[in-house]
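Keep in mind it's a predicted model, so treat the numbers as computed, not measured. Each chain gets a letter, A, B and so on, in the order its sequence line appears, and its residues count up from 1.
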Amino acid sequence: MDKLSIEKPVRVRFAPSPTGFLHIGGARTAIYNWAFARRMGGTFILRIEDTDPERSTPENTAQIIRSLRWLGLDWDEGPEVGGDFGPYLQTERFSTYGMALKHLQENDLVYPCFCTPEELAARRESALSKQDFHGYDRSCRHLNADEVSARLTAGEPCAWRLKLPLEHDDIVFDDAVYGQITVPFSEMDDLICVRSDGSPTYNFAAVIDDSNMQVSHVIRGDDHLSNTPKQILIYEALGLEVPTFAHLSMILGADGKRLSKRHGATSIEAYRDEGYLSEALLNYLALLGWSLDGKTDIFSAQTLCENFSFGRVSKNPATFDNDKLTWVNSTYIKEMGARAFIDALTPWLESAGLAYGIDGKANAEQVKDSIQDNRDWYEAIYPLIAERAKTLADAAPMVSYLFSGSELEMDEKSVQKCLSAAEIPNLLESCITILDNPSLEWQHNNIEAALRAVPEVAGVKPKLLFQAVRVAICGNMVSPPLFESIELIGRNKALARLKKAAETASTIAVSVKDVTTPS
RNA sequence: GGCCCGUUCGUCUAGCGGUUUAGGACACCGCCCUCUCAAGGCGGAGAUCACGGGUUCGAAUCCCGUACGGGCUACCA
């Protein structure tokens with residue numbers, strides 16, 4: 001392998017066509033290309049295959065680039081970065097395809113086909129029903145030279161087809177993932193290289209580009225496995241060196257069908273918007289079809305780049321498992337640390353309008369300023385939810401109670417369940433007295449120690465009181481840790497919330513008494 | 001129809017002829033911890049390695065069929 005890399009520098013490319021967003025499958029192909037390039041000290045190229053004018057848009061191209069960047073991939077040549085083998089948009093490379101065609105024409109390796117698409121479709125239809133379809137019937141290949149030149153000079157539209165050799169061995173290539181693949185030459189037909197409108201077909205353009213860009217390894221989805229022999233024939237006609245191929249299996253939805261819109265989010269940006277971290281998505285995608293050692297699930301991009309190899313890429317299609325992605329994401333949240341977490345969470349706080357020091361919904365600017373001015377306070381949130389939030393989207397609602405000021409809306413169910421016991425008003429009053437004491441240092445350990453005395457003295461279970469306090473402070477019977485929350489909310493607001501809860505509790509106690517006391 | 005490819009717990013995978021009573025992870029279940037929820041710890045259930053034939057002293061691993069799934073079979077990419 002080392003020897004090989006000395007002989008031929010590793011150059012790989014990711015070549016999406018901008019007919020849609022960057023989706024899960026494309027992203028994984030990009031990741032493997034990138035990781036392989038980094039592993040081999042090679043070059044990673046981004047090339048946009050926008051030859052389909054009907055479906056390609058600049059917006060899609062921009063979105064693909066944005067998604068790739070967001071994932072943390074960087075390319076050495078391509079849009080935005082340039083390179084010596086550009087341009088990197090196929091629509092800007094048409095002259096190269098023209099030159100290649102000319103070369104083929106001059107060497108009688110290609111011939112004009114005047115059959116119309118309609119004729120071909122009809123012929124294909126009838127051949128198919130006879131169950132022996134083997135591609136184009138080569139009728140135009142046998143036209144006599146005079147007729148051809150006459151029709152050509154008359155300007156009759158024609159496509160240019162590759163003039164396959166009459167005799168050829170079966171096509172054999174070594175796929176880096178699948179191993180040796182053999183396709184009978186009898187299956188090959190005279191494929192079209194250039195359409196009647198002058199545009200190159202995918203197979204032709206890909207070969208010319210990969211060759212011109214000196215691509216050493218073509219790493220792509222296995223929907224191209226069947227295109228490979230055709231492309232090899234083009235390489236051979238042009239006298240070009242055939243690169244190494246590595247095909248990647250598809251990614252399936254939970255129903256075992258090819259991943260598509262029906263399965264919900266498939267675009268990379270949709271995952272970003274659902275609160276997944278790019279590092280986690282990258283990790284999960286890398287894991288979906290590749291293994292580091294069979295045991296390790298969590299690894300950094302750097303580890304990926306240091307260890308990637310085709311030998312560990314699996315051949316069978318993988319089913320996308322959102323549960324596992326979510327788990328990977330949650331482990332990244334747990335390990336990312338307060339600083340990175342708050343950075344990542346900032347947009348979410350902005351859109352939720354959560355700013356420390358501002359009651360009610362704040363605007364994005366206020367949130368930004370608040371975070372800047374109260375960085376320590378914000379970072380103190382992290383340990384409260386690091387083990388609880390599975391995504392960034394989870395996190396904001398989870399901590400919104402910290403931003404509610406003195407007025408907190410309490411969940412009705414939680415109120416009924418946790419504030420209705422007869423002892424609650426008195427217990428809460430005791431808490432208020434304790435917390436109102438200025439000599440109590442406002443720190444969660446001290447707060448906890450002080451409050452634990454209350455149920456002990458009253459002879460009730462700690463849980464009874466703390467659930468009531470939780471509802472008072474957090475508004476819900478399920479919440480992040482209580483004493484840390486009290487600390488973060490601050491003495492005045494905490495006291496205000498406790499007072500309000502105590503009032504609520506006494507009204508419930510009264511009404512309960514009304515109901516239960518026989519008249 | 002033809003050609004190509006694939007098939008190990010529900011899911012992702014380890015496994016490259018003997019170290020395998022098939023290992024890990026997610027999900028699931030139970031217990032512990034505990035101020036709730038999580039997290040964490042411990043344990044459990046879950047795969048006759050698609051099926052059938054070979055080869056071999058020995059096969060999840062090699063070969064051949066079959067079934068199922070996917071791809072290609074375009075003047076789409």
Select base, sugar-phosphate, or nothing to describe what [X] touches, counting heavy atoms under 4.0 Å on all strands.
X	value
A:I385	nothing
A:T51	sugar-phosphate
A:P117	base
A:L287	sugar-phosphate
A:P16	nothing
A:R220	nothing
A:C474	nothing
A:Y284	nothing
A:K417	nothing
A:G221	nothing
A:S314	sugar-phosphate
A:F466	sugar-phosphate
A:S186	nothing

If you go through the side-chain atoms of [X], does one of them form a donor-acceptor pair with the base of [N] closer than 3.5 Å?
X	N	answer
A:K324	B:A27	no
A:S249	B:G6	no
A:N227	B:A77	yes
A:S196	B:C75	yes

Look at the side chain of [X] and decide which nucleotide, out of [options], has an atom nearest to it.
X	options	value
A:D321	B:U36, B:U73, B:C26	B:C26
A:S479	B:C5, B:U36, B:C35	B:U36
A:P184	B:U13, B:C35, B:C3	B:C3
A:P317	B:G71, B:C75, B:G6	B:G6
A:W327	B:C35, B:C5, B:C26	B:C26
A:E187	B:G71, B:A25, B:G2	B:G2
A:L482	B:U8, B:C35, B:C75	B:C35
A:H224	B:C12, B:A77, B:C35	B:A77
A:T201	B:A77, B:C12, B:C72	B:A77
A:S291	B:A77, B:G24, B:A14	B:A14

Indicate whether OP1 or OP2 belonging to [N] is found under 4.0 Å from a side-chain N or O atom of [X].
X	N	answer
A:R124	B:A74	yes
A:R312	B:G15	yes
A:K334	B:G40	yes
A:N316	B:U8	yes

Quantified in whole Å, what is the C1' atom distance between nucleotide B:C3 and nucleotide B:C62?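 Pairwise C1' distance, B:C3 against B:C62, rounds to 24 Å.
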
Which whole number of Å gives the distance between the P atom of B:C35 and that of B:U19?
->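 Their P atoms lie roughly 49 Å apart.
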
Would you call the rings of [X] and [Y] parallel, tilted or perpendicular, where under 30° means parallel and over 60° means perpendicular?
X	Y	result
A:Y284	A:F320	perpendicular
A:H168	A:F185	parallel
A:F94	A:Y97	perpendicular

Cation-aromatic face contact A:R47/A:F14, 6.0 Å, 45 degrees: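 Because its charged atom misses either the 6.0 Å distance or the 45° angle limit, A:R47 does not stack over A:F14.
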
| field | Lys NZ or Arg CZ of A:R220 over A:F245 ring: under 6.0 Å, within 45° | value |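 Geometry flag: not set, cation outside 6.0 Å or 45°.
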
In this structure, how many angstroms lie between the [atom2] atom of [N] and the [atom1] atom of [X], rounded?
X	N	atom1	atom2	answer
A:I473	B:U36	CD1	C1'	14 Å
A:K413	B:U36	NZ	P	19 Å
A:L464	B:U36	CG	C1'	13 Å

* In plain terms, say whether A:D190 and A:K163 are close enough for a salt bridge, that is, a side-chain N and a carboxylate O under 4.0 Å apart. =>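 So A:D190 does not pair with A:K163 through a salt bridge.
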
- Item | Check ion pair A:K324-A:D297 (N to O, under 4.0 angstrom) |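 Salt bridge flag = yes for A:D297 with A:K324.
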
Residue closer to the 5' end of RNA chain B, A:E49 versus A:M477 (nearest nucleotide)
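The residue whose closest nucleotide sits nearer the 5' end is A:M477.
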
>> By the definition side-chain contact (heavy atoms from CB on, under 4.5 Å), identify the one residue from A:L495, A:L451, A:N426 that meets it with A:C431.
In response: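 Among A:L495, A:L451, A:N426, the one meeting side-chain contact (heavy atoms from CB on, under 4.5 Å) with A:C431 is A:L451.
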
